[in-house]
There are 2 protein chains.
Amino acid sequence: MTDQQAVLDLLDIVEYGGCAEPEQFFALMRRTFKIAHLLYLEAEPLADGLKVCRLHHTFGAYAAEIYVSKGLYRIDPILRLALGGVRPVEWTTARRRFPECEPLFQAAEEIGLSTEGVALPLPSPAGRMALLAINANMSPTEWSTYRRCHLRDFQLAANLFHASMLEHAAMAGAIDERDMRLTGRETEVLTWSAAGKSYWEIATILGISERTVRFFMTNARRKLNVVSNTQAVAQAVRHALIPTI
Amino acid sequence: MTDQQAVLDLLDIVEYGGCAEPEQFFALMRRTFKIAHLLYLEAEPLADGLKVCRLHHTFGAYAAEIYVSKGLYRIDPILRLALGGVRPVEWTTARRRFPECEPLFQAAEEIGLSTEGVALPLPSPAGRMALLAINANMSPTEWSTYRRCHLRDFQLAANLFHASMLEHAAMAGAIDERDMRLTGRETEVLTWSAAGKSYWEIATILGISERTVRFFMTNARRKLNVVSNTQAVAQAVRHALIPTI
DNA sequence: TTTTGAACTGTCACTATCGACAGTTACATG
DNA sequence: CATGTAACTGTCGATAGTGACAGTTCAAAA
């Protein structure tokens with residue numbers, strides 16, 4: 001069994017920001033646990049499927065080539081299961097439930113990915129999804145024991161790492177959106193507009209004239225570089241420029 | 001320190017569906033850990049505040065009365081922090097960062113809630129948020145040690161319990177939300193509207209008449225229970241009903 | 001076979017929005 | 001004091017959105 005102290009140290013490091021880069025996190029995880037491979041991906045749900053925004057993994061070049069460029073993530077049942085819920089998905093469970101994807105698992109075995117592993121769904125507040133897939137070269141019985149003991153470690157580490165990634169992305173995006181900063185009133189009128197209020201209603205609520213509401217809204221549209229109030233609100237919600245809570 | 005075997009047993013029970021009711025989960029958690037109180041709430045982001053959909057807790061009747069009926073969850077900084085991210089929120093950290101909410105903490109102390117605790121954000125795929133707040137009657141140093149050792153247990157237990165709650169809600173709510181599901185065309189017109197396109201432009205893009213675009217948009221508004229396209233798009237983005245372009 | 005749901009279309013009348021015109025007031029910063 | 005920024009207001013005309021009216025077509029499920 002893995003050294004408990006090492007596990008607690010790893011969790012401390014991840015929680016307090018010592019793993020800004022996925023590579024660091026992956027290395028630390030592989031050093032601490034008997035893990036063969038790790039994969040972290042962020043995805044966005046689309047009407048016709050799944051758009052993978054970011055993908056980090058420890059596979060070899062060839063394996064990555066197969067998995068990514070051939071678009072296997074589009075048909076991977078584990079991804080479908082994991083990105084649709086919040087419960088950890090056991091690889092072998094998915095294999096049993098989706099026999100039509102057997103070729104995928106065989107391909108994985110050929111490139112050195114064992115079939116024992118777990119995928120941890122990591123939802124984020126805005127509705128985007130991510131997952132951390134953990135793969136171990138273990139026998140089923142060995143993995144069962146190991147998983148029971150360390151799933152909690154994997155789950156917390158995954159959550160904290162995911163939080164770091166989200167905060168990192170928010171910081172990186174903040175620079176680009178410097179000119180997109182809205183004033184207090186602009187934010188207010190956008191917020192009320194997103195709540196379905198008309199100019200007249202917003203004017204009454206804020207105690208100003210309807211013309212002034214339009215003035216703020218026009219400024220907001222210009223700053224956001226959009227052509228309609230509807231588009232402005234969509235942008236503002238996506239970029240969390242107006243309060244969600 | 002808590003018995004490790006008991007912890008693993010608890011996690012097994014929660015994972016394999018033995019905690020369908022919050023009360024069972026709460027009792028099990030309090031029996032296994034040195035926890036004073038637990039609170040699980042599901043919330044939906046709204047433009048004009050926070051809509052708490054479901055709330056379960058182990059507070060006494062009086063405490064619950066204060067916390068819920070007086071609407072303290074509207075100003076609780078821990079809720080704001082936790083529901084806006086995915087990182088565990090330490091109660092004392094929130095207390096330091098938001099001195100204006102000191103009365104809230106004092107009120108909590110008076111009704112027997114200690115100030116040591118942690119709130120675990122639990123996002124779900126659809127963009128809704130939940131959180132599990134864990135409260136312990138411990139001294140700061142005692143809590144610090146305890147937290148370091150058991151945060152992973154809390155996190156996994158919270159995730160698994162949350163998954164059960166979501167699956168339970170999905171089963172129960174399948175009937176209620178049937179009428180809120182958008183059809184393919186409704187999603188399409190909303191998506192283009194969020195991109196700033198007018199009815200005429202959307203009609204051209206989709207190769208249908210302008211009237212038909214309006215028809216789909218009206219249906220979408222009715223399903224989302226909103227009064228304007230702007231509000232519909234805001235709702236759709238928040239609930240991840242339309243893809244991010 | 002009947003029913004249901006999605007996709008589709010037309011017109012009328014009213015209201016909301018948006019861009020472009022031309023300003024005032026107040027307050028902080030250099 | 002000048003400069004800048006946020007907050008504020010008015011009017012005109014064109015375009016966009018919204019609700020209520022009344023339908024057709026097609027495919028899949030009951």
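Model, not experiment: these values are computed from the prediction. Throughout, a chain's letter reflects where its sequence line sits, starting with A, and its residues are numbered from 1.
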If you measure only the distance, is there a donor-acceptor pair under 3.5 Å linking the side chains of A:W192 and B:Q231?
-> no

Separation of C:dG19 atom P from A:N225 atom CG, nearest Å, is 12 Å

Can you find a side chain N or O atom of B:R221 that sits less than 4.0 Å from OP1 or OP2 on D:dG19?
-> yes

Ordered by number, residues from residues 201-213 of chain A within less than 4.0 Å of DNA chain D (heavy atoms) are A:I208, A:S209, A:R211, A:T212

For the side chain of B:Q235 and the backbone of B:A232, is there at least one donor-acceptor N/O pair under 3.5 Å apart?
-> no

Expressed in angstrom and rounded to an integer, what is the separation of A:N229 atom CG from C:dG19 atom C1'?
-> 12 Å

Just to confirm, is there a sub-4.0 Å distance from OP1 or OP2 of C:dA6 to any side-chain nitrogen or oxygen of B:N219?
-> no

What is the distance from CD of A:E186 to P of D:dA7, rounded to the nearest Å?
-> 7 Å

Any B:T218 side-chain N or O less than 4.0 Å from OP1/OP2 of D:dT18 = no

Below 4.0 angstrom from OP1 or OP2 of D:dA6, is there any side-chain N or O of A:R185?
-> no

A:F215 CZ to C:dC21 C1', in whole Å, measures 14 Å

Determine, step by step, whether A:R87 and B:S164 satisfy the side chain to side chain donor-acceptor pair (under 3.5 Å) criterion, reporting the C-alpha distance in whole Å, the side-chain angles of both residues, the deciding distance to 0.1 Å, and the verdict.
-> CA-CA 8 Å; A:R87 188 181 282 282; B:S164 296; 3.2 Å; yes

Side chain to side chain donor-acceptor pair (under 3.5 Å) assessment of A:S193 paired with B:T230 = CA-CA 7 Å; A:S193 187; B:T230 303; 4.6 Å; no

What is the distance, rounded to the nearest whole Å, between atom NZ of A:K223 and atom P of D:dT5?
-> 10 Å

Report yes if some heavy atom in the side chain of B:I13 is under 4.5 Å from a heavy atom in the side chain of B:F25; otherwise report no.
-> no

Taking atom C1' of D:dT9 as reference, at what distance in whole Å does atom CE of A:M217 sit?
-> 17 Å

Axis bend over the full length of the helix from C:dT1-D:dA30 to C:dG30-D:dC1, computed from five pairs that close each end, to 10 degrees = 60°

Find the distance B:Q231:CD to D:dG17:P and express it as a whole number of Å.
-> 16 Å

Donor-acceptor pair, B:T187 side chain versus B:T183 backbone, under 3.5 Å?
-> yes

Distance check: side-chain N/O of A:Y199 vs OP1/OP2 of C:dT15, anything under 4.0 Å?
-> no

Do the side chain of B:T212 and the main chain of B:I208 share a donor and acceptor less than 3.5 angstrom apart?
-> no

Nearest whole angstrom, please: distance from the P of D:dG10 to the CZ of A:R214.
-> 11 Å

Check: A:S144/A:R147 side-chain N/O donor and acceptor closer than 3.5 Å | no

Whether A:Y40 and A:F161 hold their rings parallel, tilted or perpendicular, with breakpoints at 30° and 60° = perpendicular

